[in-house]
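Residue numbers start at 1 and run along the sequence shown.
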Amino acid sequence: MPDWTYHTMFEPALSRLPAKTGREFIHKGMHRIASIPGGSKLIQYLGHTVPAKQLETEIFGLKIANPVGLSGKIDPLLSGTKAFSHLGMGFIEIGPVSWEPVETGSPAFSDSKDNLVFPYHLESPGLKQTIDHLDKLKPFNKPIFIRVGKNGSFEQTRSLLDKLSAYGDAFIIEEPFGEEQWQSFKKVINGKPMLCAHSVHRIDAAVMELAANETYIDGIVIEEHGIDTGEGMEYALDQTLLLAEQVSSIRQHSTIPIIVSGGIAEPKDALALYEAGADLVMLSGGYVRTGPGLPKRINEGLLDQRIASPPVYDGWIWHWLFGLFMFLGGAVAMLVSMTIVLMPYDEAFLNLSREELMAINPNIYYFMQHDRMTVAGAMVSGGILYMQLARHGVRYGLEWAKRAIHIAGVLGFLGILLFIGFGYFDWLHGILWLVLLPFFWKGYQASKNHSEHSPSRNRTNHLAWKRSLWGQLAFVALGFALAAAGLVISTIGVNGVFVQTDIAFICMSPEQIASINERLIPVIAHDRAGLGSALVSVGLLVLMLALWGFQEGQRWVWYTFLFGGLPAFGAAIIIHYVIGYTNFIHILPAYVALVLFASGLALSKKFFFIK
């Protein structure tokens, strides 16, 4: 569930439901997706959430993909844990685990929405169900930190650790114990990492001494500060300054690993804690308020701090030239569509000249002009998108840009198979494809191993970021709609060729057209298939650019949408008025797409132009 759906649709709708109902709806929905074959990969793929290799860290002898984890407070019933591991988290906390199920109220935001109020005793499914859930998660691809709740006795805590020892990679203890008791715990969990948790306001001399003595504990968890409201514990979403001060204070006395739990509402909060000396952070209420994209944004901000300047990769020019020749091919096709429409080999195949076809029924000629002009506009737009992705993405080794070009390009080439099935082959298309193929192949060979991730300058949840989520939603919808329209048009081309509004415009049934010249419909079907294939490729490029390229200050992305969209929309809409094919139902999808295009540009411009 990316931020562009969370903030625009799901959060406003689910906030009207009881807190627990809304939470479980989201968590169980994500869990179902992650549980189907390929579902986990789909989540990672669409969100591009796999962190950069540069963020990998080793702590407690554990390899952690990135230093952002999720607090057990967020998913107390473990209903979404499988999905959370694919949302940019480096590790997951489970718990606090209790012997018996704890069914209390669910956390809820304060009236100001700045604080999250948790019940005194956090929800827990109990030991048995926790173990059942953990068994089902195996194999789990992220380290699991298990938190043991307050039990009031050493023996109870020790027994819980004994039952859970096989399921966790590290263990967090909430209650204070003596040295011998800590050593006993360590033995029960077979020497696995053990951490003690303390509220940020309870870091005293004893805790400092504990931190300095690293012989029996492996790390300290600093908890966000809660205020007793009489109905529960209220936690401010942003506690960065207070938490950073305590981290710095401990770091002056010890090198022990420090994890900060909660108090993070924006990427800058996590970055400040890392700078103060925290090794890992766990997201809590800020994750709920800011949205599921917060770990990814933190990862990108951390990468931005660690990379002085992005590396430049050779070979990007091949994909750029691929886009350039597609642009030129589209420009030539547009020129032909505005003038003669039918090429000499078209006339030879039909055994009809342009003038003869006009004399029989000019609307057939205009209909073909309409299809060919739209294809040409899509090709020009596609060429611009390819060139921009190559120049600003593949050049810097960005994995998502490479992926977008390869997916759209392969599907575009496969579209030629649709042409062959109609008994008519457009030689101009064939020659263009032969020209393009070597450039695409060389670009593919040069970029297939690119794996760089995009750093981001975004640090806060400012208004431009919030508005851009609506813009991103508009562009995602546009890309999906274009690709879906391409599939529909290709299907129509393969089967019935015409829709009812086409027949009304031409003023002839398909049977009447075939009776005039049995080769007319194969040529028109060929054009329809070409249009469908072009729309699928361009739609996927727009979709992937919207999914993966939305980052603060990246002006080139906004200009890519703008200049990549104008030729396609201009050609598709203007040609209808030129030929008089102005049926409202027929043109409506183009206008809906135009509204999405304009809305996306308007809502995202400030975000992309932040310096």
Side-chain angles (χ1 to χ4, degrees), residues 2-4 44 47-57 64-69 87-90 238 240 243-244 247 260 263-283 286-287 290-313 316 388-389 391-404 450-466 468-469 471-472 545-560 604-611:
D3 287 342
W4 51 268
Q44 289 182 337
H48 201 63
T49 56
V50 177
K53 291 289 186 183
Q54 295 93 323
L55 301 183
E56 186 175 289
T57 184
I64 299 179
N66 59 294
V68 184
L87 294 178
M89 309 291 183
D238 181 4
T240 311
L243 291 165
V247 171
V260 175
I264 299 169
E266 301 176 304
K268 70 176 180 61
D269 301 334
L271 299 184
L273 292 170
Y274 295 138
E275 188 176 349
D279 296 281
L280 305 174
V281 300
M282 292 192 291
L283 305 180
Y287 179 82
T290 303
L294 182 57
K296 182 173 184 282
R297 292 167 64 203
I298 293 172
N299 291 336
E300 291 171 345
L302 190 58
L303 186 64
D304 183 54
Q305 289 186 338
R306 294 186 179 182
I307 296 179
S309 59
V312 176
Y313 286 73
W316 66 272
Q388 285 286 91
L389 285 168
R391 168 65 181 79
H392 297 281
V394 177
R395 185 185 183 192
Y396 299 105
L398 296 184
E399 184 179 39
W400 71 262
K402 165 204 75 175
R403 191 177 286 172
H450 287 184
S451 58
E452 298 291 340
H453 285 60
S454 301
S456 173
R457 291 180 288 176
N458 176 254
R459 300 290 187 268
T460 64
N461 305 332
H462 49 68
L463 181 60
W465 170 73
K466 294 175 182 177
S468 76
L469 298 177
Q472 188 174 10
L545 182 60
L547 286 173
W548 304 330
F550 252 74
Q551 290 189 317
E552 184 173 308
Q554 298 296 319
R555 296 186 181 194
W556 73 269
V557 175
W558 191 86
Y559 282 123
T560 300
S604 63
K605 183 176 182 181
K606 190 172 181 180
F607 178 70
F608 283 126
F609 279 72
I610 291 175
K611 294 183 179 180

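What you find for Met89 and Tyr287 is that their closest heavy atoms are CE-CE1, 3.5 Å. Counting all heavy atoms, side chain and backbone alike, Glu399 lies closest to Ser451 at CB-CA, 3.9 Å. The minimum heavy-atom distance linking Ala276 with Val247 is given by the pair O-CG1, 3.6 Å. Closest heavy-atom contact between Arg297 and Thr460: NH2-O, 3.2 Å. Taking all atoms of both residues into account, the shortest heavy-atom contact from Gly263 to Leu243 is CA-CD1, 3.9 Å. Val260 approaches Ala278 most closely through the heavy-atom pair CG2-CB, 3.9 Å.
Heavy-atom neighbours of Lys268 NZ from other residues, nucleotides or ligands within 6.0 Å: above the threshold of 12. Within a 6.0 Å radius of CD in Gln54, other residues, nucleotides and ligands contribute more than 12 heavy atoms.
Distance NZ/Lys605 to CZ/Arg555: 9.0 Å, rounded to 0.5 Å. Interatomic distance, NE2 of His48 versus CH2 of Trp400, reported as 8.5 Å (0.5 Å rounding). Between the CZ atom in Phe609 and the CD atom in Glu552 there is a gap of 13.0 Å [rounded to 0.5 Å]. Atom CD of Gln472 sits about 9.0 Å away from atom OG of Ser604, to the nearest 0.5 Å. For the atom pair CG (Leu273) and CG (Asp279), the distance works out to 11.5 Å, reported to the nearest 0.5 Å. In this structure, CG in Leu303 is found 8.5 Å from CZ in Arg306, a value given to the nearest 0.5 Å.
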Open item on the list: As a quick check of understanding, evaluate side-chain contact (heavy atoms from CB on, under 4.5 Å) for His462 and Ile610, giving each step before the final call.
Closed with: CA-CA 11 Å; His462 49 68; Ile610 291 175; 3.5 Å; yes

Open item on the list: Let's go through Phe608 and Phe550 carefully: what are the C-alpha distance in whole Å and the side-chain angles of both, what is the deciding distance for side-chain contact (heavy atoms from CB on, under 4.5 Å) to 0.1 Å, and is it a yes or a no?
Closed with: CA-CA 8 Å; Phe608 283 126; Phe550 252 74; 3.7 Å; yes

- [ ] Test side-chain contact (heavy atoms from CB on, under 4.5 Å) on Leu283 and Ile298 and set out the steps.
- [x] CA-CA 11 Å; Leu283 305 180; Ile298 293 172; 3.9 Å; yes

- [ ] Just do the side-chain contact (heavy atoms from CB on, under 4.5 Å) check on Leu469 and Phe607 with the steps written out, would you?
- [x] CA-CA 10 Å; Leu469 298 177; Phe607 178 70; over 6 Å; no

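With contacts defined as side-chain heavy-atom distances shorter than 4.5 Å, the pair Leu389/Trp316 does not qualify. Taking the side chain as every heavy atom from C-beta outward, Val281 and Asp269 never approach each other to under 4.5 Å. In this structure the side chain of Ser456 never reaches within 4.5 angstrom of the side chain of Asp304, judged on heavy atoms.
Remark: Tyr313 engages Pro311, His450, Glu452 in a side chain to side chain contact (heavy atoms under 4.5 Å, CB included) (not counting sequence neighbours). Qualifying salt bridge (charged side-chain N to carboxylate O under 4.0 Å, His left out) partners for Asp238, counting only residues two or more places apart in sequence or in other chains: none.
Between the side chain of Arg457 and the backbone N or O of Gln551, no donor-acceptor pair lies under 3.5 Å. Not one N or O on the side chain of Tyr274 forms a donor-acceptor pair closer than 3.5 Å with the backbone of Leu302. Asn461 places no side-chain N or O within donor-acceptor distance of the main-chain N or O of Glu266, the cut-off being under 3.5 Å. Judged purely by atom type and a 3.5 angstrom limit, Asp3 uses its side chain to pair as donor or acceptor with the backbone of Gly293. At least one donor-acceptor pair closer than 3.5 Å links the side chain of Asn299 to the backbone N or O of Gly88. Distance alone, capped at 3.5 Å, places no donor-acceptor pair between the Gln388 side chain and the Val557 backbone.
For the pair Arg403 and Trp548, the cation sits on the ring face: its NZ or CZ lies under 6.0 Å from the ring centre, inside 45° of the axis.
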